[in-house]
2 protein chains.
Amino acid sequence: MRTSIATVCLSGTLEEKLRAAARAGFDGVEIFEQDLVVSPDSPEAIAQLARELDIGLDLYQPFRDFEGVDEDQFEKNLKRAESKFGLMARLGIDTMLLCSNVGTATISDDGIVVEQLRRLGDLAERYEVNIAYEALAWGRFVSEYDHAWDLVKAADHVRIGTCLDSFHILSRDTDLDRIAEIPGDKIFFLQLADAPALTMDVLSWSRHHRVFPGEGSWDLSDFLTRVAATGYAGPVSLEVFNDSFRQGDTNRTAVDGLRSLRWLEASIADRSASEARGPEGSDSTARLDLQPLPEVEEPRGINYVELSTDDLGVLTRQMHQLGFQFIGFHRSKPHVQLWLRGKARIIVTEVTDAANTTSAPVSGTFLRGIGFEVLDSEAAMDRAALLHAIEVPRDEAHDEEVLRGVFAPDGSEVFFHQLDRSRPAWIREFGHDHDEQVSHIDHVNLAQPSNHYDEAVLFYTSLLALHAQSSQDVPSPSGLVRSQVMSSSDGSVRMPLNVSPQPHAEAGAGRRSIGSAVEAYPEHVAVACEDIFDAAATALSRGLDFLPVPQNYYEDLDSRFDLDPEFLQRLQEHHVLYDRDARGEFLHFYTSTIGSVFFEMIERRGDYLGFGAPDAPVRLAAQHRRNAQWSS
Amino acid sequence: MRTSIATVCLSGTLEEKLRAAARAGFDGVEIFEQDLVVSPDSPEAIAQLARELDIGLDLYQPFRDFEGVDEDQFEKNLKRAESKFGLMARLGIDTMLLCSNVGTATISDDGIVVEQLRRLGDLAERYEVNIAYEALAWGRFVSEYDHAWDLVKAADHVRIGTCLDSFHILSRDTDLDRIAEIPGDKIFFLQLADAPALTMDVLSWSRHHRVFPGEGSWDLSDFLTRVAATGYAGPVSLEVFNDSFRQGDTNRTAVDGLRSLRWLEASIADRSASEARGPEGSDSTARLDLQPLPEVEEPRGINYVELSTDDLGVLTRQMHQLGFQFIGFHRSKPHVQLWLRGKARIIVTEVTDAANTTSAPVSGTFLRGIGFEVLDSEAAMDRAALLHAIEVPRDEAHDEEVLRGVFAPDGSEVFFHQLDRSRPAWIREFGHDHDEQVSHIDHVNLAQPSNHYDEAVLFYTSLLALHAQSSQDVPSPSGLVRSQVMSSSDGSVRMPLNVSPQPHAEAGAGRRSIGSAVEAYPEHVAVACEDIFDAAATALSRGLDFLPVPQNYYEDLDSRFDLDPEFLQRLQEHHVLYDRDARGEFLHFYTSTIGSVFFEMIERRGDYLGFGAPDAPVRLAAQHRRNAQWSS
């Protein structure tokens, strides 16, 4: 499948965009006119750069407000088109995007539009340019893809075809069946964008909130399959207007975009391969030349969490208070220890100046990585590499289990751990051979920078086959926290991703700044146990610094659930919070935060599937008070 | 007018919110239930704190999903209400907000709802609590204020009244005439919020995008006047759900909120005073006891701009290249000099370690402040003080003109300069007495931190009587720049406010961060001249470092405007950009940036009123390239 990306998706100068697209592995780009206009490089220099980078210039875009005008205006528009054809010749681009008229159209007469398209086709023929006519969702008279196709069909000109853009089609919820009517060779271009489900005017939605395929809520796999079935063989190009992408790191956004296309391509390749094996035996998508990826199934659990700390005593004391047992030091890595609570495994890596052999400066206590149990770790790693994830550099001794992993968008490490026996082999490297407690890691709560949130969703979807649940906002004293759970189907892997309010930069250099920034959002590991009161009693006896729960909370709890007074008192004495739904109950307590990490101990009763969301504001407020105490 | 604010408007803990509201000068607060639930302070302690701060607890809110349910559920709801009445007694609050049922209502029968309200009233009577029933815009069966009023009227209970909330009424565009039917003493509470004109679902609009009065697009002056006309004498309270406010500085947001109410109060006081003086002679708003503010008229011009620099030679060389003349040093402030180009006056303050007598560290070259020409500088300063602006500390010699000013939300200084003669008196302090060039400051372009943008709009509106024009987005290589002009009616003061993409914080402490942050957005002073080519020629001869304009721009300009080739060449030779609309033409060039400041020289031909918006992306791209060169 030929991959392409519109330069408008990326930040930076035109040169920076071309280099980033080429480096990420795109086959081509669409040149957005504005990017060229503001560039100091001549069209010839851009063409030369593209040749050097071995990246195609697939489309020049957009040409606007052309058709449906009176003859005077039409003559001017033809002249304007001719000057762009000249420019395209200098760039070496043979296809121009023509958007349906949104501004100047005064004539709603298909016959006239067809005639004007045909005349444009005649002019384009002289320059050997192809015109891809696209219906914008907010076009004045032409706003549906099938209307645009009817016009193209009627124009019946070798130089006039259509462009399909998933945003403009899916945002209007148009019936997709008429795509099948279009011969693939009359689709001159294909643009893909995904989008979150939002209720807002379609223009704002389009200009600010598009995302790459897999980052929104649309079924682009179905859409692309339908287009492929027409016999379309051209580029599959991303055209995504997104405020975060526009201001993000150019190379990083390009990689995110290519990942989305590779993932989409593979999902369709899998589908058509299984269809081809079926009774019908035909592969309708053959002309797109789809490349599969090594298949991965959902992970079967969280094998371990690795914490990094420069405050070893404080961290391990808290783990001891929670019932974790110290198992041993790694036999060849003296700064690495293992702690277990049943199947909840925490690797603690002490960071000292001596131990820090990496170039990046690290400090504090933080969540460094997660080991996921996967059915085929080699396939997972191969797939990750093909999806352009960055591998974690790691030295291994020869006789040790080789764990390989990649960096997630938030900088944490994702390791693929082969699931082939009930007890991981690497545990023996710490000299341990048995455990008794019934306990495991229930979920891991990660903080995400808001500008990489969409990238994170695609990352966990495409590499680990996790699913994004619907998001919700949780109020905190420092602002709303957007929370969204990525999970496997059976719930054995659950990761709430939290986008916290960002510290804002204050006014320009030198000037007085008024006001203060918000604090960082901590991450946590939630450990499931059999008996929360037993765990809390142990923790109390060992002097755990529980996160305090206000009396007002228990009073409100009583008015909400009408609890047995003894039970309520027991909750309160053990600092345990409580939630209930139709399926079951949720009991949990929190520890204080060390560095940027804290623990939650939980007991699920019945089939309660949530995370105690009503209690999250209580936690956030208590953490805010702790921060305020420390900083004052 | 009794001012109040809902605690949900503010960031922080409940205690922090109460202190900030009291410090800003609010008379009371609405206690948002969630704020109490997460607080470690008992209801009695909160009541005690409020007494100490001398701030009223005006409302407990919200009570939800009460009415329109079957008898079983209703009994439970009554019990829940009773527990809240008990809580309110401990807080000493006598009014509860009851929102129309959005979740659990199953019965759409006004008769049953009336009966249920009446039974709630009977229970409330025992606790001496008043119920303020409010129609939420997305209420299941009750979503219009007049419907809620019909129900309250039919309930005919001394403890049941209504609450009017401008958001829920104006967002639905409901006819306001029926407000006049409601007796003022049956309006138990009044909540105000403004909002920008957005096309999105009303729930998201309400939860995230409300702003304080004067910061949005609604006519709250009309709304409040209508409510006041009913005889309402209770609190006027802000209930504003806004993502930025929730994460902003608590004290600062509280001041912003009080400013909005004081400004609104004064605008209505002025209106009703003029009505009272009129033939009808009655003041329908008397019961609200409205306090006026000293009146200010729009400023008549920008008297001067002050730049601060630690790079004096570079800055003054550029000003010389632009045709500014050095006039002199201030007679008693040796680090302050004056430069003139006709009526364009720039005060340059050199910052050296010796000269820096303020406590705040300052460095670089930046726009420090603007002197506005106002008709009554004393009234403007008094008004600013009553609107809680922070005065700029400044030492003055006894025989010098006393200039007073305040800090704007972006940290720049706003000075009020008395307009009483054609030539400002303070210029003589620099030993200057004449000038010849026809030139003036056309506009000043300021960068605003996005989280204080609404505050800035209200600041310039309420203190300086400027008007906000509609905003637009300008693409830059680092993201979209939101640009909005604040101006006086005659255009003599024009200030485009630019909200630039913010540098984002990357992932948590210790972890590797991937990607880079965006650069800061520079500010500029635009100087109008009579002949742009003459100014550019002088600048060329003096070696000005023009911001480069790409060849591609001129080619595109030609295809857009079909310009005379000689004229086009002349533009290009002088680095002059060009725009045109139906009213006139705009010619301009930019200098390179020094610190965070650059200059623009402009010539307006005809009645062109804009700012060359189509050229802004060219400028932003060129500045981005310059930054990239410097940092590489």
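None of the values given here were measured: they were computed from a predicted structure. Proteins get letters first, then strands, A, B, ... in listed order; numbering begins at 1 in each. Heavy-atom basis, side chains included; hydrogens, waters and symmetry copies ignored.
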How long is the span from the CD atom in A:E555 to the OG atom in B:S42, to the nearest 0.5 Å? 8.5 Å

For the student: nearest non-hydrogen atoms of A:R246 and B:P475, plus distance: NH1-CB, 3.7 Å

Structural part of A:R482 lying under 4.5 Å from a heavy atom of chain B: neither

So, does A:N552 use its side chain to make a donor-acceptor pair with the main chain of B:S39 at under 3.5 Å? yes

Heavy-atom cut-off 4.5 Å, strictly under: side chain, backbone, both or neither for B:N242 against chain A? neither

Contacting moiety of B:D35, where chain A heavy atoms sit under 4.5 Å: neither

Measuring from B:E33:CD to A:S559:OG, what's the distance to the nearest 0.5 Å? 7.0 Å

Heavy-atom closest pair (A:P550 atom, B:P40 atom, distance to 0.1 Å) is CB-CA, 3.8 Å

From A:L480 atom CG to B:F241 atom CZ, the distance as rounded to the nearest 0.5 Å: 10.0 Å

Spacing of A:H624 atom NE2 and B:S11 atom OG [to the nearest 0.5 Å]: 7.0 Å

Does A:D556 come within less than 4.0 Å of B:K84, counting only side-chain N to carboxylate O? yes

When only pairs under 4.5 Å are counted, which of B:E16, B:Q551, B:K76, B:R207 shares the most heavy-atom pairs with chain A? B:E16

A:K79 versus chain B, the contacting section by heavy-atom distance below 4.5 Å: side chain

Structural part of A:T13 lying under 4.5 Å from a heavy atom of chain B: both

A:M200 side, atom CE; B:D201 side, atom CG - distance, nearest 0.5 Å: 9.0 Å

Minimum heavy-atom distance A:Q34-B:P617, with the two atoms named: NE2-CB, 3.6 Å

Salt bridge A:R625-B:E15, side-chain N to carboxylate O under 4.0 Å: no

Quick one: are B:D473 and A:H208 in side-chain contact, heavy atoms under 4.5 Å? yes

Answer with side chain, backbone, both or neither: which region of A:D562 has an atom nearer than 4.5 Å to a non-hydrogen atom of chain B? side chain

